[in-house]
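Presented below is the structure to which this report refers.
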Amino acid sequence: MVQIVKDPLLTAATVATVLARIALVIGMIGLGATLTAAVFRPDLLASGPLIGIGSGKQDDIPAAALAIVALTIAAFALLYDFAARLAKIIATVGHGDPFTLANGARLNRMAWLAMSVLGINIAQTLMSMYLPSNGMDTHMSLTGLAVGLVLFILARVFRHGAAMREELEGTV
Amino acid sequence: MPITVKPLPRDILLLVCRVILYAVLVVFGLVLLLVAGISLYGAFANPDLAARMAGMNVLSLLMVGVAFRFVQLLGRIIDSVAEGDPFNLVNSGRLQQLAWLTLAFQMLALAAHARGGDFRILHINGVEGLFSTGGGISFGGFLLALVLFILARVFRKGTEMREELEGTV
């Protein structure tokens, strides 16, 4: 029998992943609009800056700043995928059995996503060093590495565990 | 009939992860030693700075302790795969502890940041603060804690459901 599991923390987590995804989409739209404006209509950003890119004058928005914004959009897209996978894992609890190979694969993907975001973060930090005055203070942190490592390990734990279970069920 | 689970062959990825984890820990320890060395040196040259660093050292020590426990628990989860079924309440508890440790680490990092700001270990041509260890709280840390809390719950619920199923069969 498959029973529906109601768990307050998991419900809250599902809501959180939905909210995070909405926030990421809003962020992507906002940054995308800013990037487009900065490239095609820099005059729009001249008075009363929408967002602090560059050193204030529309003529010298450095290419590095634009690249950093573009990379941020890419990172948001990856995080969106991350949240979506997490939501799917939570959903499998409601469906009955979360200990599956599919969830192992999802965790593995989440690990790669975390590593990619870390890579983007490092690239941004290196690029921001070349900006004359960076209003965008990018901090490189190694917690991203921890997220990736933990997820890689758990993905493998899931894979082995699920494989063992299947083998056992086959023998019973 | 007792169920025998054949032992798994050594998983290379799990082994590599363990090595990386311990390498990270060693780097952490070295940084701590460096900080301790600097503060000891500073105690003679600048007592005021040394007092500030002392608090920092205590925080660093706590952070290393938390990191050590984190690595230890993660290592036990890795070992549990070789011992048989990893989907049990013990591992669920470990995951939850990992989540709390991550939060604790973030709080310590915040305290270290408030106390000492960035560790400016290197100054190279104006590039400074890049190698800061006390960079305050980070988004990644909270993400990790959240994911761990969720996975701990997934483990617990999944295990409970399994046990219920096995009980009915």
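Below, all heavy atoms of this structure are taken into account, side chains as well, without hydrogens, waters or symmetry copies. Chain A is the first sequence line, chain B the second, and so forth, proteins listed ahead of strands; every chain is numbered from 1.
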In this structure, would Val117(A) and Val25(A) fall into the same cluster of hydrophobic residues linked by side-chain contacts under 4.5 Å? yes

Any side-chain heavy atom of Arg156(A) sitting closer than 4.5 Å to one from Ile78(B)? no

Answer yes if Ile29(A) and Phe76(A) sit in the same cluster of Ile, Leu, Val, Met, Phe, Trp and Tyr residues linked by side chain heavy atoms under 4.5 Å apart, and no otherwise. yes

Please name the pair of heavy atoms, one in Met164(A) and one in Val81(B), separated by the smallest distance, quoted to 0.1 Å. CE-O, 3.4 Å

Top residue by heavy-atom pair count (under 4.5 Å) with chain A, among Phe70(B), Phe155(B), Phe105(B)? Phe155(B)

Inter-residue atom distance Arg165(A).CZ - Asp85(B).CG, 0.5 Å rounding: 4.0 Å

Any side-chain heavy-atom pair from Met161(B) and Asp97(A) closer than 4.5 angstrom? no

What part of Phe158(A) gets closer than 4.5 Å to chain B, counting heavy atoms only: side chain, backbone, both or neither? both

Under 4.5 Å between side-chain heavy atoms, counting indirect links through other Ile/Leu/Val/Met/Phe/Trp/Tyr residues: same cluster for Phe40(A) and Met28(A) or not? yes

Answer yes or no: does atom CZ of Arg159(A) have more than 12 heavy-atom neighbours from other residues, nucleotides or ligands under 6.0 Å? no

Find out if a path of hydrophobic residues (ILVMFWY) with successive side-chain heavy-atom gaps under 4.5 Å connects Ile22(A) to Leu31(A). no

Val154(B) and Leu10(A): which non-hydrogen atoms are nearest, and at how many Å? CG2-CD2, 4.3 Å

Relative to chain A, which of Leu143(B), Asn91(B), Leu98(B) shows the most heavy atom pairs under 4.5 Å? Leu143(B)

Under a 4.5 Å cut-off applied to non-hydrogen side-chain atoms, are Val16(B) and Phe152(A) in contact? no

Applying the 4.5 Å side-chain criterion to the ILVMFWY set and letting contacts propagate, would Val157(A) and Leu101(A) be lumped into a single cluster? no

Is Leu86(A) close to chain B through its backbone or its side chain, or both, or neither, when contacts mean heavy atoms under 4.5 Å? side chain

Measure the shortest side-chain to side-chain distance between Leu107(A) and Leu151(B) over non-hydrogen atoms and say whether it is less than 4.5 angstrom. yes

With Val147(A) as reference, evaluate Val147(B), Leu144(B), Thr102(B) under the side-chain contact (heavy atoms from CB on, under 4.5 Å) test and give the passing residue. Leu144(B)

